[in-house]
Amino acid sequence: MSTAAVDRVRARQRELAVPESFEWIAETTPALRAAIEDSGLVVHEHPLMVLDPGAPVPAVDEVPGGPSVRVLGPDDPALASALVVPYLAFSEPGTGLGSAGLTELAAAVRAQAGDGAVERVVARIEAGLTSVAAAVDGGTALCAGQHQPVGSVSEIVGVGTLPAARRRGLGLAVTVTLVADARAREVETVFLSAGDDDVARIYARLGFRRVATALIAEPPE
């Protein structure tokens with residue numbers, strides 16, 4: 001693909017009011033990166049990982065009185081916070097403790113109210129297209145993620161922990177719950193893109209192995 005072709009796609013994305021972004025696998029289309037960067041987009045690299053089919057799913061060890069880790073139904077009151085918390089997580093990348101906590105989460109949930117996001121995910125849950133898991137404490141999701149099954153394949157996406165609640169194993173517990181749910185749905189191939197190498201090492205503990213590099217291109221901030 002040429003830079004001119006990338007520019008045409010970006011123009012069409014703007015017409016449709018969708019994000020100007022591209023996702024592809026570096027090893028299968030190595031020449032695309034130069035055209036993308038020449039168009040002015042910034043390329044981010046993420047380890048692409050696949051779960052070993054024979055990897056056992058570990059049990060989730062819940063601390064008495066601590067968060068409950070579960071798959072959320074379409075009418076679960078924690079669903080709204082489960083959809084917001086990953087955005088707060090990704091706004092403070094990394095695995096260390098961050099500043100955003102319950103106050104910021106509550107404000108973000110209020111800001112999201114009425115925008116249709118919850119209703120869209122509810123429809124996908126009911127259609128079997130999305131599964132949401134979360135670590136819930138006091139009715140609020142401190143960590144959440146999703147998997148998107150299509151036939152025998154599912155991608156785990158958007159696993160993020162409230163920055164002030166990190167270093168408690170919540171992301172790992174949510175991922176385990178998503179993997180268990182995917183296997184219960186007879187999914188054979190589970191894959192994900194890790195945020196960075198540190199996060200990839202966490203997923204490797206569950207039996208995920210790196211198979212390629214996912215590239216995501218977006219406009220500069």
Side-chain angles (χ1 to χ4, degrees), residues 1-52 83-96 98-100 104 108 111-112 115-117 120-121 124 129-130 132 143-163 166 171 175 178 182 187 189-204 206 208-221:
M1 180 181 286
S2 66
T3 301
V6 173
D7 290 339
R8 289 194 295 272
V9 173
R10 294 182 63 188
R12 182 57 176 160
Q13 289 173 326
R14 290 192 294 270
E15 290 175 2
L16 297 173
V18 299
E20 290 182 59
S21 65
F22 294 74
E23 296 187 24
W24 73 102
I25 297 174
E27 290 78 1
T28 60
T29 318
L32 180 57
R33 181 167 188 161
I36 291 282
E37 291 179 331
D38 286 345
S39 179
L41 298 178
V42 177
V43 177
H44 306 280
E45 298 185 3
H46 301 277
L48 182 63
M49 309 183 76
V50 174
L51 182 66
D52 184 341
L83 300 183
V84 170
V85 71
Y87 290 99
L88 294 178
F90 300 146
S91 69
E92 295 185 43
T95 59
S99 60
E104 289 77 11
Q112 175 192 265
D115 70 355
R120 287 191 292 272
V121 173
R124 289 184 60 83
L129 301 174
T130 293
V132 180
C143 176
Q146 305 177 21
H147 79 87
Q148 320 279 7
V150 179
S152 62
V153 178
S154 191
E155 181 181 11
I156 293 178
V157 299
V159 177
T161 301
L162 188 68
R166 288 173 178 158
T175 303
L178 290 169
V187 168
T189 302
V190 181
F191 72 99
L192 55 80
S193 297
D196 54 35
D197 289 337
D198 289 337
V199 176
R201 281 189 282 271
I202 295 174
Y203 289 130
L206 296 180
F208 283 90
R209 57 185 174 86
R210 183 169 184 165
V211 294
T213 302
L215 299 180
I216 300 175
E218 301 171 317
E221 295 183 0

Nearest heavy-atom approach of Ser2 to Ala35 is C-CB, 3.9 Å

Of all heavy-atom pairs linking Ser193 and His46, the shortest is CB-CB, 4.2 Å

Worksheet item: Are any of the side-chain heavy atoms of Phe22 and Val6 separated by less than 4.5 Å?
Response: yes

| said: Between Leu51 and Tyr203, does the side chain to side chain contact (heavy atoms under 4.5 Å, CB included) criterion hold? Intermediate values first, please. | reply: CA-CA 9 Å; Leu51 182 66; Tyr203 289 130; over 6 Å; no

In terms of heavy-atom contacts, Thr161 and Cys143 come closest through OG1-SG, 3.1 Å

Distance col, row His44:NE2 vs Thr213:OG1, nearest 0.5 angstrom, shows 15.0 Å

| field | Main-chain N/O of Ala89 paired to Arg166 side chain as donor or acceptor, under 3.5 Å | value | yes

Correct closest heavy-atom pair for Ile36 and Trp24 would be CG1-CH2, 3.8 Å

Point to revise | Atom OH of Tyr87 with >12 non-hydrogen neighbours under 6.0 angstrom | key: no

**Prompt:** Would you say the side chain of Ser99 lies within less than 4.5 Å of the side chain of Glu92, judging by non-hydrogen atoms?
**Reply:** yes

Between Ala217 and Val43, the two heavy atoms sitting closest are CB-CG2, 4.1 Å

Point to revise | Residue pair Thr95, Ile202: steps toward the side chain to side chain contact (heavy atoms under 4.5 Å, CB included) verdict | key: CA-CA 10 Å; Thr95 59; Ile202 295 174; 4.3 Å; yes

> Would you say the side chain of Val42 lies within less than 4.5 Å of the side chain of Glu218, judging by non-hydrogen atoms?
Replying inline: no

Checklist entry - Taking C-beta and beyond as the side chain, do Leu83 and Arg120 meet within less than 4.5 Å on heavy atoms? => result no

Interatomic distance, CG@Asp7 vs CZ@Arg12, rounded to 0.5 Å, equals 16.0 Å

Margin query: Other residues, nucleotides and ligands only: do more than 12 of their heavy atoms fall within 6.0 Å of CZ on Arg209?
Written below: no

Side chain proximity check, Glu45 to Arg33, heavy atoms < 4.5 angstrom:
yes

Only one of Leu192, Val159, Val132, Leu178 passes side-chain contact (heavy atoms from CB on, under 4.5 Å) with His147, and that residue is Leu178

Apply side chain to side chain contact (heavy atoms under 4.5 Å, CB included) to Gln148 and Leu129, showing your working. CA-CA 6 Å; Gln148 320 279 7; Leu129 301 174; 5.6 Å; no

Distance col, row Leu162:CG vs Glu104:CD, nearest 0.5 angstrom, shows 8.0 Å

In terms of heavy-atom contacts, Ser154 and Val187 come closest through N-CG1, 3.7 Å

- Task: Could you check if a side-chain atom of Pro219 sits within less than 4.5 angstrom of a side-chain atom of Leu41, using non-hydrogen atoms only?
- Result: yes

Glu20 side-chain N/O to Arg14 backbone N/O, donor-acceptor pair under 3.5 Å: no

Rounded to the nearest 0.5 angstrom, the CD1-CG distance for Ile25 and Leu32 is 12.0 Å

